[in-house]
Amino acid sequence: MTFVDSARAFLDREGRLVERRLAAVLFDGEDPAGAVAAAGAYRNADGGFGHGFEPDKRCPASLPIDVECALDVLVVADAPIPDWVAPACDWLASVATAEGAVPLAFPVIERYPRADHWSDWTYAPGLNPTAGIAGRLHHLGVSHPWLDRATDWTFSRLESGFTEDAHSLSEVLLFLASVPDRRRADALAAQVEGWLSKLQWFRADPADPGYGLTPLHFAPTPGSPWRPLFSDAALDGHLDRLAHDQQPDGGWPITWEPPGQASTLEWRGIETLRALRVLRAYGRL
């Protein structure tokens, strides 16, 4: 069984339907409608998304992070915009601050199983996830009044200085790559290299066994606008490590503690698909 075959077998055996349908789109050329339909199963009547789409919390209520997960499916699958995107933006508008910022989650998650790190810090509106949601919507070509507000807020926040962690930066980079106002975006993009040196949760060393985001999270393809931030040697080291991290069962591991076995397998499926996408993009499959 080949490297890819064993990973696909892991997804077939342990992964969620949404990752299996995305894999079929990316590797078998299937219509993205199936992946979009799988994402739609997480939708709520209020227009938002929940039900543990991001597996670290098992809350059924709509949360901004789960809307982000739904939008990510559209981006990864290169899918046409479905009819649930506008209602999802309406929902975001209903829970945002007056300026347009949203938090990752709300206190309702405390009534359900969740990872220990999902606590009150996730209730504060911030660049993570506001910038990332806005960036995905811009990538998709969506227009919405909430997106206008969120875009203005994100620019203002960044222009006053960036002091957040690697997760926030990954959201910001999605925003800067896709937002239409290139003058403001390019001025901020020139500062990203300086931000990298101060990041918490940035795993620069491929040999580091701990938790963190690597250069491959920021530049998942050679065509990424953020690829020039990293040397060939750095990227090769992380690609070697990513390939090496495949487990005997065909899937990739995670370095944190989800709230249960189901969440752990769901995350491993997400990480397995991410690994395959990155390794293929860089010619490693």
Side-chain angles (χ1 to χ4, degrees), residues 14-22 35-76 82-97 100-137 144 146 150 164-168 170-171 174 201 211 213 254-274:
E14 309 288 6
R16 299 185 298 185
L17 177 61
V18 65
E19 276 73 47
R20 299 200 306 271
R21 297 306 297 259
L22 280 172
V36 175
Y42 293 86
R43 189 182 177 208
N44 283 318
D46 59 12
F49 284 74
H51 305 282
F53 208 159
E54 195 279 359
D56 274 341
K57 70 280 164 300
R58 311 303 278 178
C59 176
S62 293
L63 301 170
I65 184 59
D66 293 323
V67 173
E68 179 174 288
C69 291
L71 295 173
D72 218 31
V73 170
L74 304 183
V75 172
V76 171
D83 59 7
W84 47 253
V85 170
C89 291
D90 292 341
W91 179 80
L92 289 166
S94 74
V95 300
T97 66
V102 293
L104 288 160
F106 303 109
V108 65
I109 66 171
E110 296 174 16
R111 293 159 42 192
Y112 300 92
R114 67 191 192 281
D116 289 344
H117 61 273
W118 277 82
S119 59
D120 55 359
W121 71 270
T122 67
Y123 313 150
L127 291 168
N128 181 16
T130 307
I133 295 174
R136 288 167 175 84
L137 289 169
H144 191 276
W146 173 78
E164 299 188 27
D165 63 17
H167 292 285
S168 291
S170 70
E171 301 283 272
L174 287 167
W201 308 126
Y211 173 80
L213 302 190
I254 58 174
T255 55
W256 67 97
E257 290 293 331
Q261 294 182 13
S263 301
T264 298
L265 286 173
E266 289 176 4
W267 264 119
R268 290 193 65 207
I270 293 168
E271 287 298 293
T272 296
L273 184 60
R274 183 186 70 83

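The analysis underlying the following values was restricted to heavy atoms, covering all of them including side chains, and did not include hydrogens, waters or symmetry mates.
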**OP:** Start with the C-alpha distance between H117 and Y211, add both sets of side-chain angles, then the distance that settles side chain to side chain contact (heavy atoms under 4.5 Å, CB included), and finish with yes or no.
**Re:** CA-CA 13 Å; H117 61 273; Y211 173 80; over 6 Å; no
Original post:
Taking all atoms of both residues into account, what is the closest heavy-atom pair of P129 and E68, and its distance?
Top reply: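 That would be CB-OE1, 3.5 Å.
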Original post:
Do you know which two heavy atoms are closest between H144 and A86, and how far apart they sit?
Top reply: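 Closest heavy-atom pair between H144 and A86: NE2-O, 4.0 Å.
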Original post:
Taking the six-membered ring for Trp, are W84 and F49 ring centroids under 6.0 Å apart?
Top reply: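 Distance test on ring centres: under 6.0 Å, yes.
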Nearest 0.5 Å, what's the [atom1]-[atom2] distance between [X] and [Y]?
{"X": "R274", "Y": "E19", "atom1": "CZ", "atom2": "CD", "value": "12.5 Å"}
{"X": "L71", "Y": "I133", "atom1": "CG", "atom2": "CD1", "value": "7.0 Å"}
{"X": "L137", "Y": "L174", "atom1": "CG", "atom2": "CG", "value": "11.5 Å"}
{"X": "R16", "Y": "W267", "atom1": "CZ", "atom2": "CH2", "value": "8.0 Å"}

**OP:** Could you check whether the rings of Y42 and F53 sit parallel, tilted or perpendicular, using 30° and 60° as the cut-offs?
**Re:** parallel
Original post:
Got a salt bridge between E110 and K57, using NZ or NE/NH1/NH2 to carboxylate O under 4.0 Å?
Top reply: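 No salt bridge links E110 with K57.
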Subject >> Pair E271 + R268: basic N to acidic O under 4.0 Å >> reply: no
A side-chain contact here means heavy atoms from C-beta on lying under 4.5 Å apart; do [X] and [Y] qualify?
{"X": "Y112", "Y": "P60", "result": "yes"}
{"X": "I270", "Y": "I254", "result": "no"}
{"X": "P55", "Y": "R58", "result": "yes"}

Original post:
Can you check side chain to side chain contact (heavy atoms under 4.5 Å, CB included) on L63 and F106, steps first, answer last?
Top reply: CA-CA 7 Å; L63 301 170; F106 303 109; 3.7 Å; yes
Original post:
Considering residues at least two apart in sequence or located in another chain, which fulfil the salt bridge (Lys or Arg N to Asp or Glu O under 4.0 Å) criterion with R114?
Top reply: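 For R114 there are no salt bridge (Lys or Arg N to Asp or Glu O under 4.0 Å) partners, ignoring immediate neighbours.
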Short question: side chain of [X], backbone of [Y] - any donor-acceptor pair under 3.5 Å?
{"X": "S263", "Y": "D56", "value": "no"}
{"X": "N44", "Y": "D46", "value": "no"}
{"X": "W146", "Y": "G100", "value": "yes"}

Original post:
So E171 and R136, side chain to side chain contact (heavy atoms under 4.5 Å, CB included) or not? Walk me through it.
Top reply: CA-CA 9 Å; E171 301 283 272; R136 288 167 175 84; 3.5 Å; yes
**OP:** Applying side chain to side chain contact (heavy atoms under 4.5 Å, CB included), run through L213 and H167 and close with a yes or a no.
**Re:** CA-CA 7 Å; L213 302 190; H167 292 285; 3.8 Å; yes
